[in-house]
Amino acid sequence: LAAAMEVDSTFSVVNDGRDEVPANVDFSAEELLSRPKKLKPSEEPEKYVATRVNHEAHSRLEDFASPSALHADQYHYIYSERTRKIKPAIKERIRQGFTSQGSQAEDLVVDKILHTKLGQKCILIGCIVKEMPLKPNVLKQYSDERAIGPVPPRQNFVSDKDALILEDDTGRIKLVGISVDVSHFVSGVVVGVSGVQNEAGDFEVSEILSAGFPPQAPIKRMDNPRYLALVSGLNVGGSHQNPVAIQLFADYVGGLVGSPTEQSEFVSSIARLIIAGNSFCREDEQPQPTKLRDPNKKLTRDEQSKVVVSIQLLDSMIKDLSHDIPIDVMPGPSDPADYSMPQQPINKFLLPHSAGQKTVNLVTNPFRCIIDGVHVLGTSGQPTDNMAMFMKVEGSTLDLMERTLQWRHLAPTAPDTLSAFPFKAGDPFIVEQCPHIYFVGNQDSYDSRLVKE
């Protein structure tokens with residue numbers, strides 16, 4: 001860390017107790033540039049080394065493993081499994097009286113949309129499909145590309161013409177009414193709706209009920225505090241990244257900077273480090289993807305060296321840190337990993353020196369682990385970033401994170417607008433157990449919140 005300062009002809013000397021030196025002494029240039037006095041072994045200052053706290057960790061990589069057959073399955077299995085798994089939780093909340101009808105509402109539940117009767121009050125449970133005229137369309141994108149003038153990209157696709165439709169295995173029904181806030185929902189959310197079917201065939205909604213927070217495992221009391229370090233968006237090797245900041249971070253987590261008190265009371269209590277994506281230089285600073293995919297085009301020497309330098313720098317930094325602390329490395333949207341969610345671990349051959357360390361784990365995105373009984377769950381940012389494009393966000397990313405827990409689903413927009421693998425056996429993004437720590441990486445600023453039901 002460098003700091004600018006004004007230098008005067010008089011220097012203030014820090015006395016280490018071995019020599020009596022006045023507070024302000026005038027030195028000549030020869031004395032300042034002379035070699036320091038060589039100390040005897042008995043005079044060498046003692047080097048403080050903090051001991052890292054021990055912990056038990058279990059990574060649940062199997063929860064987000066990609067399916068074996070990628071192209072044989074269809075996407076409708078995901079929505080069917082999603083509804084089947086979350087529907088009992090909504091029914092339980094209805095039975096417990098979380099609706100305005102109280103405990104009487106249990107008798108109003110209709111299992112199939114097809115069985116809805118005109119004018120009869122009932123409760124339907126299904127998956128929301130959000131119709132959005134501004135939602136990206138392949139044919140429309142093609143026509144825009146052939147337009148005379150460039151079409152500016154949209155950051156949000158919400159409009160007044162959006163509509164919500166409830167869907168299950170038997171049919172669909174449009175949701176209308178003053179209780180329907182279309183802008184606060186996205187496709188893929190499983191909810192229960194209370195209301196009446198009108199003569200137009202639409203469902204007049206009086207109340208919408210989500211699954212609520214999933215059950216949470218009890219957390220055991222710890223004798224000594226333990227901390228989890230989270231970092232994202234390192235963009236190692238990028239032209240806009242400050243290498244001094246990255247090195248200072250590595251030195252701090254590794255216990256190489258800071259006072260002995262800070263190292264012993266805080267730094268040594270950092271049990272684990274999670275790197276939550278975007279570790280390599282940003283995509284807009286890398287060669288164009290078309291050049292990487294086109295076999296007839298080759299990367300220039302400068303483009304090749306930039307990619308290699310980014311990989312080597314990150315590999316070296318992770319290896320050095322792994323000697324001091326266990327590390328979990330997640331892929332992110334700009335990293336060389338799968339485009340579809342869940343992203344599989346970064347290929348170990350890209351990090352040949354660090355991937356071989358026992359304390360380095362290349363993990364999935366999303367990532368779930370248990371550290372000393374504390375359940376940790378997080379993503380590199382794609383699910384919430386995608387949700388923010390298709391709904392009205394009045395607060396911060398924390399509000400979106402809280403909604404995903406209440407909906408019991410990490411990525412409700414997958415696979416509609418967020419690319420995902422076609423799972424057949426189940427939906428891996430369903431949150432069946434509420435984590436104690438829930439994080440999202442690669443955001444514009446840091447923020448945190450304690451959520452209680």
Side-chain angles (χ1 to χ4, degrees), residues 75 79 82-83 90 99-100 113 116 118-119 121-168 171-211 381-407 409 411-420 443-444:
Y75 283 107
Y79 293 110
R82 185 180 304 178
T83 306
I90 298 178
T99 64
S100 57
I113 292 179
T116 307
L118 180 65
K121 189 173 183 60
C122 63
I123 297 178
L124 302 177
I125 300 175
C127 185
I128 285 180
V129 178
K130 190 172 185 179
E131 288 190 345
M132 307 181 68
L134 299 181
K135 188 168 71 172
N137 181 281
V138 175
L139 296 178
K140 189 175 184 303
Q141 289 177 354
Y142 176 75
S143 62
D144 291 342
E145 289 177 358
R146 298 178 63 86
I148 298 176
V151 179
R154 286 181 171 271
Q155 299 299 324
N156 190 277
F157 300 94
V158 176
S159 71
D160 296 335
K161 297 181 180 180
D162 296 343
L164 296 184
I165 295 176
L166 193 70
E167 180 184 59
D168 66 6
R172 287 182 167 192
I173 190 168
K174 186 178 180 180
L175 305 181
V176 297
I178 58 175
S179 299
V180 180
D181 194 345
V182 179
S183 62
H184 284 74
F185 288 90
V186 292
S187 293
V189 179
V190 179
V191 296
V193 292
S194 174
V196 180
Q197 183 182 4
N198 59 24
E199 294 181 355
D202 300 332
F203 195 78
E204 291 278 352
V205 179
S206 59
E207 191 175 3
I208 299 179
L209 182 68
S210 64
Q382 296 100 313
T384 50
D385 291 346
N386 189 264
M387 288 170 55
M389 298 171 65
F390 299 95
M391 64 184 298
K392 187 177 180 180
V393 182
E394 298 176 348
S396 64
T397 306
L398 294 175
D399 298 312
L400 297 180
M401 296 172 65
E402 186 172 345
R403 289 184 187 182
T404 58
L405 290 180
Q406 292 176 342
W407 294 336
H409 203 276
T413 57
D416 181 32
T417 55
L418 180 65
S419 180
Q443 301 303 299
D444 295 333

#### Entry: Pair W407-V190, side-chain contact (heavy atoms from CB on, under 4.5 Å): steps then yes or no
CA-CA 7 Å; W407 294 336; V190 179; over 6 Å; no
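- In terms of modelled atom types and a separation under 3.5 Å, the side chain of D202 and the main chain of V176 share no donor-acceptor contact.
- With rounding to the nearest 0.5 angstrom, the CD1 atom of I165 is 8.0 Å from the CG atom of L175.
- A side-chain donor-acceptor contact under 3.5 Å links D162 to the backbone of S159.
- Taking both residues in full, the closest heavy atoms of S210 and I90 are given as C-CG1, 4.2 Å, listed atom of the first, atom of the second, then distance.
- Donor-acceptor pairing under 3.5 Å is recorded for the side chains of Q443 and T397.
- In this structure, S206 contributes its side chain and S194 its backbone to a donor-acceptor pair below 3.5 Å.
- Scanning all heavy atoms of the two residues, the minimum distance from Y79 to G188 falls at CE2-CA, 4.2 Å.
- The nearest pair of heavy atoms linking F203 to Q197 is CD1-N, 3.9 Å.
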### Task
In sequence, state the C-alpha distance, the side-chain angles, and the governing distance for V191 and I125, and then conclude on side-chain contact (heavy atoms from CB on, under 4.5 Å).
CA-CA 6 Å; V191 296; I125 300 175; over 6 Å; no
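- Here the shortest heavy-atom pairing between L166 and I113 reads O-CD1, 3.4 Å.
- At distances below 3.5 Å, at least one donor-acceptor pair connects side-chain atoms of D168 with backbone N or O atoms of G171.
- A donor-acceptor pair under 3.5 Å is formed between the side chain of N386 and the backbone N or O of T417.
- Contact between L418 and P383 at its shortest, heavy atoms only, is CD2-CA, 3.9 Å.
- Side-chain contact between E402 and L405 is absent, with no heavy atoms from C-beta onward closer than 4.5 Å.
- Counting heavy-atom neighbours within 6.0 Å of K392 NZ, excluding the residue itself, gives a total of 12 or less.
- Classification of K130 and D416 as a salt-bridged pair fails, no side-chain N sitting under 4.0 Å from a carboxylate O.
- Between the CE atom of M387 and the CZ atom of R403 there is a distance of 7.5 Å, given to the nearest 0.5 Å.
- Other residues, nucleotides and ligands contribute more than 12 heavy atoms inside 6.0 Å of the CG atom of L118.
- By the 4.5 Å heavy-atom criterion applied to side chains, F390 and S183 are not counted as neighbours.
- Not one N or O on the side chain of R172 forms a donor-acceptor pair closer than 3.5 Å with the backbone of V129.
- Here the closest heavy-atom approach between residue V186 and residue P412 is recorded as CG2-CG, 3.9 Å.
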### Query
Could you go step by step and tell me if Q155 and M389 meet the side-chain contact (heavy atoms from CB on, under 4.5 Å) rule?
CA-CA 6 Å; Q155 299 299 324; M389 298 171 65; over 6 Å; no
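- When side chains are defined from C-beta on, E131 does not count as touching K174, because their heavy atoms never get closer than 4.5 Å.
- A 4.5 Å side-chain heavy-atom check between K161 and L134 finds every atom pair outside the cut-off.
- At least one donor-acceptor pair closer than 3.5 Å links the side chain of N156 to the backbone N or O of M391.
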### Task
Applying side-chain contact (heavy atoms from CB on, under 4.5 Å), run through V193 and I123 and close with a yes or a no.
CA-CA 5 Å; V193 292; I123 297 178; over 6 Å; no
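- Side-chain contact check for E204 versus S179: every heavy-atom pair is 4.5 Å or farther apart.
- For the pair V189 and H409, the minimum side-chain heavy-atom distance is 4.5 Å or more.
- The NZ atom of K135 sits 5.0 Å away from atom OG of S187, with the distance rounded to the nearest 0.5 Å.
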